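Predicted, not measured: the structure shown is a model, and the values here were computed from it.
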Amino acid sequence: QVQLVESGGGLVQAGGSLRLSCAASGRTFSNYGMGWFRQAPGKEREFVAAISWSGLSTYYADSVKGRFTISRAAAKNTVYLQMNSLKPEDTAVYYCAAAQTLRVGVQDYGMNYWGKGTLVTVSS
C-alpha cells in the first residue's frame with residue numbers, strides 16, 4: 001500500500017553533512033507518521049528519528065540529538081533527515097519507515113512499511 005524510496009546516502013568525511021530524503025507513494029497513503037532507522041555492520045537495527053503525520057512532534061535517539069533533524073516537505077510526500085557533524089559511528093544503512101500510528105517508545109515505533117535503505121559512510 002505504501003512504497004518508500006530513500007536517497008542521499010554517500011561517503012563523507014567526519015564533521016561533514018548529508019541530507020537523506022524519503023519519497024512516499026501509494027494509493028492509500030495519508031496521515032502517516034514517518035521515521036528513520038539505521039543498521040551498522042554487525043549491529044541491530046536502531047531507531048534514529050521520527051516525526052508525526054502533522055509534523056508537530058519529533059523524536060530522536062540520544063546519540064543524534066543536536067546533530068540530526070527530521071522534517072517533512074509541505075508540498076510533497078517527502079521526509080528528510082539532515083545529518084550534521086557526522087561521526088564514523090554514524091556509518092550505517094539508513095532506512096525510511098512509515099506508520100499509520102506512531103507507537104512512541106516502542107522499539108520499532110509501530111512502523112508498518114520500510115524502504116530498502118541507503119548507505120551512509122563516514123570516514124575518519
message: As a quick check of understanding, evaluate side-chain contact (heavy atoms from CB on, under 4.5 Å) for Tyr94 and Leu81, giving each step before the final call.
response: CA-CA 10 Å; Tyr94 283 71; Leu81 184 68; 4.2 Å; yes
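- Counting only heavy atoms from C-beta outward, the side chains of Phe68 and Met83 approach each other to under 4.5 Å.
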Enumerate donor-acceptor pairs with a distance under 3.5 Å from any side-chain N or O in residues 45-53 to protein atoms, sequence neighbours excluded.
from  : atom 1 : to    : atom 2 : distance (Å)
Glu46 : OE2    : Arg38 : NE     : 2.7
Glu46 : OE2    : Arg38 : NH2    : 3.3
Ser52 : OG     : Ser54 : OG     : 3.2
Ser52 : OG     : Gly55 : N      : 3.4
Ser52 : OG     : Leu56 : N      : 3.4
Ser52 : OG     : Ser57 : N      : 3.2

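- Looking only at distances, no side-chain donor or acceptor of Tyr109 sits under 3.5 Å from a matching main-chain atom of Ala99.
- Contact detail for Gly8 and Leu18: the closest heavy-atom pair is O-CD2, 3.8 Å.
- Considering only heavy atoms from C-beta on, Tyr80 stays 4.5 Å or farther from Leu20 through its side chain.
- Asn77 contributes atom CG, which lies 8.5 Å from atom OG of Ser25 (distance to the nearest 0.5 angstrom).
- Contact check for Val12 versus Thr121: no side-chain heavy atoms found under the 4.5 Å cut-off.
- Side chain of Asp90 to backbone of Val122: no donor-acceptor contact under 3.5 angstrom is found.
- The two atoms that bring Cys22 and Trp36 nearest to each other are CB-CZ2, 3.7 Å, heavy atoms only.
- Put simply, the side chain of Thr118 gets close to the backbone of Gly9: a donor and an acceptor are under 3.5 Å apart.
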task: Quick one: do Met34 and Cys96 satisfy side-chain contact (heavy atoms from CB on, under 4.5 Å)? Show the steps, please.
output: CA-CA 7 Å; Met34 303 289 292; Cys96 178; 3.6 Å; yes
query: Going through the checks in order, is the side-chain contact (heavy atoms from CB on, under 4.5 Å) test met by Val2 and Tyr32?
result: CA-CA 10 Å; Val2 176; Tyr32 278 80; 3.7 Å; yes
message: One pair to check against side-chain contact (heavy atoms from CB on, under 4.5 Å): Met111 and Leu102. What are the steps and the verdict?
response: CA-CA 7 Å; Met111 300 298 174; Leu102 282 178; 3.6 Å; yes
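- More than 12 non-hydrogen atoms from other residues, nucleotides or ligands lie less than 6.0 angstrom from CD of Glu89.
- In plain terms, the two heavy atoms of Gly33 and Arg72 that are nearest each other are CA-NH1, 4.1 Å.
- Between the side chain of Glu6 and the main chain of Ser21, no donor-acceptor pair closer than 3.5 Å is present.
- In this structure the side chain of Leu11 reaches within 4.5 angstrom of the side chain of Ser123, judged on heavy atoms.
- Residues Ala14 and Pro88 share a closest heavy-atom pair of CB-CD, 4.2 Å.
- Within a 6.0 Å sphere centred on CD of Gln107, heavy atoms belonging to other residues, nucleotides or ligands number 12 at most.
- Looking at every heavy atom in both residues, Ala92 comes nearest to Leu119 through O-CD1, 3.7 Å.
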